[in-house]
Asks: 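After the structure tokens below, expect a handful of questions from me.
Sequence lines set the chain letters: A, B, ... in the order given, protein chains first and strands last, and positions in each chain run from 1.
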Amino acid sequence: MTEENIQNKVDVIVIGAGPAGVSAAITVARGGKKVVLVERANAAGAKNMYGGVVYTHAAKEIFPNYEDAPIERYVSKHNYVLLSKDSSTEISYKNTNHNGNAFVTIRAKWDKWCVEQAVKEGVYFAPNTLVNELIVKNGKVCGIRTDVEDYFADVVIIADGVNSLLAKQIGLRKDIKPKNVAMGVKEVIKLPCEVINSRFALSDNQGCAMELAGAPLKDLFGMGIIYTNKDSVAVGIGVSLDDLKEKKLKPYELLDEFKKHPFVAELIEGGEVVEYSAHLIPEGGYNHIPKLYTNGALVVGDAAGLVNNVHFEGTNLAMLSGKYAGETALDALERNDFSENTLCLYKKKLENSFILKDLRTYKDVVQILLGRTSSFLNYYPAKVNEFFEIFTTADGVEKQGKFRKFTKDFFRKRSLAELFKDAVAGIKLIFGVLK
Amino acid sequence: MDKKIEDKLYTLKYKTDSNCHLCPDESKCLQCQEKTCTIICPANVYTYNETEKKLTVSYEKCLECGACRIICKNINWKYPKSGKGVIFKKS
């Protein structure tokens with residue numbers, strides 16, 4: 001089969017029907033061009049899992065009718081929890097004026113709904129289609145090789161997820177290093193809607209997004225999440241793959257320990273595990289973004305490492321990077337030029353948006369925290385709990401002595417060198433973000 | 001058999017591929033001291049039998065995350081064929 005064979009040629013092929021791929025495909029279709037969205041799973045969303053939420057701003061931009069989607073709950077409350085071995089300190093944020101800016105949904109349902117919308121707008125969807133390799137001719141990506149046949153396009157948008165074997169094939173990225181990726185493992189635990197409402201203090205369609213750090217995750221670089229679905233709760237952890245390797249810990253055993261912490265255990269008590277899942281999360285940030293375009297191809301979403309792990313943002317970066325890639329493909333079709341000279345517009349769009357601006361802001365955060373994991377994600381969370389233990393305890397003992405002991409211990413039990421390093425890291429974090 | 005993980009995997013649906021999509025170079029496995037694949041895999045796909053000196057690859061349990069691929073360069077790692085492998089429904 002040759003490129004000249006019109007039968008197998010479209011304007012754009014998008015590989016991967018996750019949030020990034022579907023957003024790219026629908027953008028191209030809206031521009032009136034012929035686009036095929038291929039997916040290796042038997043249905044959109046079947047290979048996808050997240051520890052997260054979908055952000056309203058991105059959903060609205062791609063799907064103005066997003067409220068018709070199978071949304072579980074709107075995130076009306078965002079909680080941050082610091083855990084010590086047997087206690088917890090929680091900060092909860094809620095604005096009663098609105099229902100938050102994100103919603104929780106189940107990927108198998110949401111991704112499927114998104115593809116249905118795309119199909120209605122003219123995208124041709126091809127499930128059960130694994131792309132074995134990209135076809136490159138005269139230095140330009142010009143198509144895809146599947147088990148069945150070769151297919152050709154002027155522009156190929158690579159949205160094949162965190163592992164992105166295809167971006168690697170054409171040299172846009174090197175293999176990911178274990179320290180630049182986190183292992184996410186999660187369980188969906190079924191509980192009656194009323195029980196969830198009462199345990200999380202929610203009304204029927206309100207939801208809670210909770211991020212947790214501290215003791216159950218030991219000295220590992222990682223955090224836990226708890227998100228409320230309508231009648232189930234998602235409980236998961238994301239932990240540096242490098243740390244799991246170094247400390248020889250199995251991810252599912254760590255998840256079990258996390259679930260056993262009294263704070264978590266109370267929230268999921270009596271629930272039945274209805275699905276276990278695992279997925280990698282790109283953690284490299286700004287410093288490890290691959291080359292985003294080459295002649296005839298663009299990389300979007302997780303495949304391009306576009307995740308803001310400080311804010312647990314990924315779906316919105318995926319959707320909007322997909323949209324910008326779609327717009328860039330339309331521009332290239334208009335000019336009939338598919339070289340890097342035209343496709344570099346994609347990078348400019350990312351640079352002008354919150355996507356690369358935010359990732360640049362946080363570019364050193366992960367590296368700084370990786371060096372001080374034990375302090376920031378274990379020692380200080382424990383100290384915060386210790387402080388509140390003292391602050392809230394009335395036991396007939398005078399307070400000043402307790403505070404003095406707490407302060408003394410703070411300096412005595414931790415070497416000055418360690419405290420100094422923590423302080424430097426803290427300052428670097430603040431200045432790194434604000435400068 | 002690790003019961004904890006088997007119970008978890010029992011909640012999942014699979015369309016099993018007829019061929020194994022994870023192919024470690026077994027001669028290198030025998031020399032490998034760490035056998036990190038047996039630790040980091042979230043589906044316990046890799047188990048090593050000390051007495052038989054054999055690495056078993058239960059590819060049909062694979063969640064296709066790619067962790068083993070990143071941690072070990074001796075695994076010829078592919079996705080299962082079109083439409084095959086794990087199917088998440090509630091994640």
Side-chain angles (χ1 to χ4, degrees), chain A residues 38-43 45-51 106-109 127-132 146-148 160-163 165 175-178 180-181 183-188 190 229 232 234 236 241-242 244-245 247-253 255-256 272-280, chain B residues 1-19 21-22 32-48 58 61-91:
Chain A
V38 300
E39 165 59 46
R40 68 183 180 91
N42 64 342
K47 302 289 183 186
N48 301 346
M49 157 302 197
Y50 71 158
I106 288 164
R107 294 294 297 275
K109 295 181 187 170
N128 294 307
T129 307
L130 175 68
V131 176
N132 291 321
T146 74
D147 290 338
V148 188
D160 58 345
V162 56
N163 282 292
L165 302 181
D175 231 338
I176 316 169
K177 295 210 169 70
N180 291 326
V181 72
M183 163 66 71
V185 283
K186 177 173 117 169
E187 284 179 10
V188 176
K190 201 166 170 55
N229 294 324
S232 61
L241 193 59
D242 208 25
L244 289 176
K245 178 192 165 193
K247 309 232 162 95
K248 299 195 187 317
L249 291 165
K250 296 189 172 183
Y252 45 89
E253 290 181 355
L255 175 61
D256 283 341
E272 180 202 354
V273 179
V274 290
E275 190 163 280
Y276 168 71
S277 56
H279 212 279
L280 294 181
Chain B
M1 197 78 83
D2 188 337
K3 189 175 177 298
K4 269 184 274 177
I5 183 62
E6 295 306 320
D7 284 349
K8 289 185 201 298
L9 296 174
Y10 193 68
T11 62
L12 286 162
K13 293 213 165 7
Y14 291 93
K15 254 186 170 177
T16 306
D17 196 349
S18 51
N19 296 320
H21 62 283
L22 311 165
C32 172
Q33 297 296 312
E34 293 82 19
K35 303 207 171 40
T36 310
C37 61
T38 63
I39 293 161
I40 50 91
C41 173
N44 203 27
V45 164
Y46 302 93
T47 45
Y48 187 72
S58 308
K61 299 194 285 191
C62 177
L63 303 177
E64 300 154 39
C65 72
C68 60
R69 184 185 74 83
I70 289 171
I71 222 90
C72 172
K73 299 294 159 212
N74 295 326
I75 301 172
N76 182 4
W77 191 98
K78 290 189 181 116
Y79 283 115
K81 287 209 186 61
S82 297
K84 303 289 187 187
V86 71
I87 300 169
F88 294 138
K89 295 197 160 183
K90 303 182 181 91
S91 291

Asks: Looking at CG of B:Leu63 and NE2 of A:His279, how far apart are the two atoms once the value is rounded to the nearest 0.5 Å?
Replies: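 Nearest 0.5 Å value for the CG-NE2 distance: 10.0 Å.
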Asks: Atom CD in A:Glu253, atom CG in B:Asn44: separation rounded to 0.5 Å?
Replies: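 A:Glu253 CD to B:Asn44 CG: 8.5 Å, rounded to 0.5 Å.
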Asks: Give, as side chain, backbone, both or neither, the part of B:Ile70 having an atom under 4.5 angstrom from any heavy atom of chain A.
Replies: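 Both backbone and side chain.
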Asks: State whether the side chain of A:Tyr276 and the backbone N or O of B:Pro42 hold a donor-acceptor pair below 3.5 Å, judged by distance alone.
Replies: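 Yes, A:Tyr276 side chain to B:Pro42 backbone: donor-acceptor pair under 3.5 Å.
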Asks: If we ignore hydrogens and angles and just use 3.5 Å, is the side chain of A:Lys245 paired with the main-chain N or O of B:Ile71 as donor and acceptor?
Replies: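 No.
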Asks: Using only heavy-atom distances, determine whether the side chains of B:Ser91 and A:Glu275 contain a donor-acceptor pair under 3.5 Å.
Replies: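 Judged by distance alone, the side chains do pair up.
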Asks: Would you mind listing every salt bridge (Lys or Arg N to Asp or Glu O under 4.0 Å) that reaches into residues 81-91 of chain B, with sequence neighbours excluded?
Replies: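 Every salt bridge (Lys or Arg N to Asp or Glu O under 4.0 Å) pair that includes a residue of residues 81-91 of chain B, provided the two are not neighbours, is B:Asp17-B:Lys81.
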Asks: Hey, which of A:Leu241, A:Val188, A:Val181 has the most heavy atom pairs under 4.5 Å with chain B?
Replies: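 Most heavy-atom pairs within the cutoff with chain B belong to A:Leu241.
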Asks: Tell me, out of B:Ile5, B:Val86, B:Asp7, who's got the most heavy-atom pairs with chain A below 4.5 Å.
Replies: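 Most heavy-atom pairs within the cutoff with chain A belong to B:Ile5.
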Asks: What distance separates B:Lys15 NZ from A:Asn128 CG, expressed to the nearest 0.5 Å?
Replies: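 It is 6.0 Å, given to the nearest 0.5 Å.
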Asks: With only heavy atoms counted, which part of A:Lys177 is less than 4.5 Å from chain B, the side chain, the backbone, both or neither?
Replies: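 The backbone, not the side chain.
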Asks: Please flag which part of A:Asp242 lies under 4.5 Å from any non-hydrogen atom of chain B: side chain, backbone, both or neither.
Replies: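 Neither; nothing under 4.5 Å.
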Asks: Taking NZ, NE, NH1 and NH2 as the nitrogens, is one of them in B:Glu64 or A:Arg40 under 4.0 Å from a carboxylate oxygen of the other?
Replies: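 The answer is yes: the pair qualifies as a salt bridge.
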Asks: List the atom of B:Ser82, the atom of A:Leu130, and the distance in Å for their closest heavy-atom pair.
Replies: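 So the minimum-distance heavy-atom pair works out to OG-N, 2.8 Å.
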Asks: Return the CD1 to CG distance between B:Ile40 and A:Leu244, rounded to the nearest 0.5 Å.
Replies: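 Between B:Ile40 CD1 and A:Leu244 CG, I get 8.0 Å after rounding to 0.5 Å.
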Asks: Identify which of A:Thr146, A:Leu165, A:Val185 forms the greatest number of heavy-atom pairs closer than 4.5 Å to chain B.
Replies: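 Highest number of heavy-atom pairs under 4.5 Å: A:Leu165.
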Asks: Under a 4.5 Å heavy-atom cutoff, which of B:Lys73, B:Lys4, B:Lys8, B:Glu34 has the most pairs with chain A?
Replies: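 Looking at each of B:Lys73, B:Lys4, B:Lys8, B:Glu34 in turn, B:Lys8 comes out on top.
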Asks: Using a cut-off of under 4.5 Å for heavy-atom pairs, which of A:Ala108, A:Ala234, A:Ala46 has the most such pairs with chain B?
Replies: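 Between A:Ala108, A:Ala234, A:Ala46, the count favours A:Ala46.
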Asks: A:Pro178 versus chain B, heavy atoms under 4.5 Å apart: side chain, backbone, both or neither?
Replies: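 Contact with chain B: backbone and side chain both.
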Asks: Just verifying a value: how many Å separate B:Tyr79 OH and A:Asp160 CG, rounded to the nearest 0.5 Å?
Replies: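 The CG atom of A:Asp160 is 6.0 Å from OH of B:Tyr79, to the nearest 0.5 Å.
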Asks: Are the side chains of B:Trp77 and A:Asn163 in contact, using a 4.5 Å heavy-atom criterion?
Replies: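 Sidechains of B:Trp77 and A:Asn163: in contact.
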Asks: Given that the side chain runs from C-beta out, which part of A:Ser277 has a heavy atom under 4.5 Å from chain B: side chain, backbone, both or neither?
Replies: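 Both parts, heavy atoms under 4.5 Å.
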Asks: Could you give the distance from NZ (A:Lys248) to OG1 (B:Thr38), rounded to the nearest 0.5 Å?
Replies: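 Output value for this atom pair is 8.5 Å.
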Asks: Side chain, backbone, both or neither: which part of A:Asn180 has an atom under 4.5 Å from a heavy atom of chain B?
Replies: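 No part of A:Asn180 comes within 4.5 Å of chain B.
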Asks: Go through the atoms of A:Lys186 and report whether side chain, backbone, both or neither lie under 4.5 Å from a heavy atom of chain B.
Replies: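 Contact with chain B involves the side chain of A:Lys186 alone.
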Asks: Check whether A:Glu39 gets within reach of chain B through its side chain, its backbone, both or neither, counting any heavy atom under 4.5 Å.
Replies: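 Neither part.
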